[in-house]
Participant: 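First the structure, then my questions, so here it is.
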Amino acid sequence: MTSPIVRRSNQSGQSKKPERANSVLLASRRFAAWAAEITLVVTSGLIPFGIGVYANSRSDLNRVPLNPVLVVTERAIARPLALPVSYGIRNVAWPTNILWTIALLAPVTLSWWQLYLLAKTGSTLPKRWLKVRVVNEQGKPPGLGAVVIREGFGRWTVPISIAYLLWRYSFAFPNLGLFTFLSLLMIVGEGIGLPSRRGRRALHDQLAGTYTIDALLANNRQAQSAGSNDEAEEWQEGEELAADQTNQSPNLWRRIQQNPNLTMFGIGLTSMTAVLATLIGTQVYIQIQQSQRATQKINRQQFDELRNQLTPNSGVTNEQRQSAILAMGGINDPQSIKYLVDLLVSETNPSVLDTIQQALTTVGPQAIPELKNKNQFLVSELESMGSSAAQERELRQGRLQRNQRTINKILSVYSGKIQGIDLSSTQLGQSGTPGSSFFNLVLDNLDLSGVKFKSANLNQASFKGSRFRGAGEDGRWDTYDDVMADLSQAQLQQANLTDANLSRVLMNRTDLSRATLNRANLSNARLYEAKLNSTQLVGADLQNAVLERASLTGADLGDAKLNEANLYAARLGRVTAIGTQLSFANLTNTDWQGADLSGAYLDRANLSNANLSATRLAGAVLRSAQMENANLQNADLSLADLRGANIAGADFKGAIIAPSKQDPADQFVQTPDLGSVSAVVQGVDFSKAKNLDSKQLAYICTQGGIHPRCP
């Protein structure tokens, strides 16, 4: 076996300076090799990820759901790093799915390949280029086990875990910048190493029992040793050095071999602790089960006594019945809850009905599942009756309304304490035949975060100022544990959501037609294929919202914020978007026919293949917008700022790009002089624009636009 050999010299003073210089040079090359390894891994992920982002911005590519592996990975990373988690449908361009999957797999594959090379040869490619090698105590490649301990545990797990704990419980959580800084600081500190009798060794080398050596110097020494006549002396020195290294840095297995008694004591103590913990846990579990059985027995006895008092032939007064109902509500037992919910449907006495509602409200959110089941049963009964038997239908409608009012009351009383309540497919909107009384769900200024309203009927409900999103246990917004309601596929026609907080809420395929969402916070909300026809969204915050293929025909988006929103293939015909902020928004393949976008901010927005025919874009800001192949037929672009816009293939047939002259005697609002707006097309390349007439060309040429026919 060959050990790392260091020649002894009697002239120690003369050798100190060269050794110190070699040590500094080796440390520099070690750092350079490590940086090169990290760069290769990071680059292998960043390049396909960046290409995927570019492909996702293209409007001519089909879109598909995001790869489930990527979704799971995203959520797994989001939780420890306190990042917001995205749920629901997320569509990307089909090449993006492939490229992002490569961006995930390539760094993992490259990392394991580098670990394999390091284990078998002692060098990765960067280490080989820079003449750095990792060996074990025998001077051989370390092997896969040692490399996993060295790289996986020592170099990364230990320093990053320390950095994470410091960051997680510091005042700066969840600031990712500080976590990155702490991680780099810990990694560098670990790499500097700890002092020992033989110099400084990094923690990962000490844990794995490895040494980082100068491969070039080692090769030279081996060559000198091969040509030397004093091989016995060299062999003896190598053996002494190996023994010295073994004594200085024993690994875990050697420690166990050297201290068998201590090892046996540790194993025995651990076993005894495990047995004792198991016995205590078993005893606690048995006592809990016994206590629960005793409680259930008492509850059953109380329930039977109270139910006997509530039977029709019991002969008790209404006051006694009401007392029994309230007492049953205090039991808070599944069978008592079911009995009260059934009694709510069958009872006809108004005073007793009020008492039942009060008892169920006392039970609280635990009564919701049973009320939901009864709600769905009553709805199915009404649907099966059709339009016949008006009197019977009205009776059943009244029962449903009592059920709805009870749910309404529980949600109101327990605001902020109903996270996870499932009201999916529940009928809580207005229903019934014409002429019958309607139920109006009113949940204004409440905390409804975490409630599941998926596919629920909430038509004409009032949620003014209510919050559908909570900060979670850590009390911080935009972290992994934020609690969001689920309103996907819900019916919210004509609902009032003024000033509501719906940020990041899932609303895919939700019907919000003719709803009121003025000043509502919908930032980062997911509204894939949602219906927002004729919806009021004045002043609403829709920044970074996903509105892919959503229908907003006739909606009012005045002064709304849609910066960086994704409206791919959305239908926006006849929309009022005066002064709306759409900067950096994805508006590819959108249909704006007949919309009013006067004064809208569309700078750097992507309007490729958008239908803007017959739209009003007077005074709109379209600086550096992507308008390739956009349909601008008969659009009013007077006073619009097109500087830097890409209008290749855009159709300007009948478009108004020059403001008409104003009749001073017949105008209330004075428009600027043509000279003051002469820069709106300055430098804009109209060479590839379609259907430009002579009047349009004359204006373009005189105002600094670019076209082959300009003089």
Side-chain angles (χ1 to χ4, degrees), residues 1-8 15 18-38 111-156 158 190-226 228 231 233-255 257:
M1 295 184 180
T2 305
S3 300
I5 297 173
V6 179
R7 288 183 177 275
R8 291 188 178 91
S15 64
E19 287 180 1
R20 189 173 297 130
N22 289 336
S23 177
V24 172
L25 182 60
L26 176 60
S28 301
R29 283 187 283 141
R30 284 179 59 189
F31 179 79
W34 175 78
E37 289 165 356
I38 299 301
S111 297
W112 278 106
W113 180 60
Q114 290 192 137
L115 290 176
Y116 176 79
L117 289 178
L118 189 63
K120 296 300 180 182
T121 67
S123 298
T124 60
L125 287 180
K127 281 184 170 64
R128 188 176 302 170
W129 297 335
L130 294 164
K131 307 301 180 183
V132 176
R133 192 166 64 193
V134 176
V135 296
N136 58 17
E137 294 172 353
Q138 288 75 38
K140 294 183 176 180
L144 189 59
V147 165
V148 171
I149 294 173
R150 182 182 190 271
E151 299 295 325
F153 184 72
R155 189 188 287 274
W156 294 103
V158 171
E190 185 276 332
I192 291 174
L194 302 172
S196 66
R197 289 178 58 187
R198 295 189 55 80
R200 305 185 73 88
R201 287 176 68 200
L203 176 64
H204 56 263
D205 276 325
Q206 295 194 33
L207 290 173
T210 56
Y211 298 85
T212 305
I213 63 173
D214 188 329
L216 183 61
L217 185 60
N219 291 335
N220 291 338
R221 285 177 176 174
Q222 288 178 0
Q224 293 173 5
S225 177
S228 173
E231 294 182 357
E233 182 180 349
E234 293 291 345
W235 179 84
Q236 184 178 0
E237 289 182 357
E239 288 295 319
E240 291 176 358
L241 178 59
D244 182 53
Q245 291 168 348
T246 302
N247 293 331
Q248 293 296 328
S249 302
N251 57 27
L252 181 61
W253 177 246
R254 188 169 288 107
R255 287 182 184 274
Q257 290 178 323

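In what follows, every heavy atom counts, from backbone to side chain, and hydrogens, waters and symmetry copies are set aside.
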Participant: Which heavy atom of Ala208 sits nearest a heavy atom of Ala146, and at what distance?
Facilitator: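 Reported closest heavy-atom pair: CB-O, 3.4 Å.
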Participant: Under a 3.5 Å distance rule, please check whether Glu190 uses its side chain to pair with a backbone N or O of His204 as donor and acceptor.
Facilitator: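 Flag set: sc Glu190 to bb His204 pair under 3.5 Å.
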Participant: Distance check, rounded to the nearest 0.5 Å: Leu144 atom CG versus Lys120 atom NZ?
Facilitator: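 It comes to 7.0 Å.
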Participant: Checking side chain to side chain contact (heavy atoms under 4.5 Å, CB included) between Val134 and each of Thr124, Ile213, Leu118, which is the one that passes?
Facilitator: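 With Val134 as partner, side chain to side chain contact (heavy atoms under 4.5 Å, CB included) holds for just one option, Leu118.
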Participant: Please find the pair of heavy atoms, one from Gly122 and one from Pro141, that lie closest to each other, and give the distance.
Facilitator: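 Smallest interatomic distance, heavy atoms only, reads N-CB, 4.0 Å.
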Participant: For the residue pair Glu151 and Ser111, establish whether any side-chain heavy-atom pair is separated by less than 4.5 Å.
Facilitator: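 They are not in contact (no side-chain heavy atoms under 4.5 Å apart), so the answer is no.
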Participant: List the atom of Trp156, the atom of Ile38, and the distance in Å for their closest heavy-atom pair.
Facilitator: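 That closest heavy-atom pairing would be CZ2-CD1, 3.3 Å.
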Participant: Quick check: do Val158 and Phe153 have side-chain heavy atoms less than 4.5 Å from each other?
Facilitator: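 Val158 vs Phe153: side chains touch.
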Participant: I need the Arg155 CZ to Leu207 CG distance, nearest 0.5 Å.
Facilitator: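 Those atoms lie 12.0 Å apart.
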Participant: Please step through side-chain hydrogen bond (donor to acceptor under 3.5 Å, both in side chains) for the pair Thr212 and Arg150, ending with a clear verdict.
Facilitator: CA-CA 11 Å; Thr212 305; Arg150 182 182 190 271; 3.2 Å; yes
Participant: Side chains of Lys127 and Thr121: closer than 4.5 Å at any heavy-atom pair?
Facilitator: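 Not in contact.
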Participant: Sub-3.5 Å donor-acceptor pair from the side chain of Arg30 to the main-chain atoms of Val132, do we have one?
Facilitator: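 Absent.
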Participant: For Phe31, give me all partners under ring pair (Phe, Tyr, Trp, His ring centres under 6.0 Å), at least two apart in sequence or on another chain.
Facilitator: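 Here the qualifying residues are Trp34.
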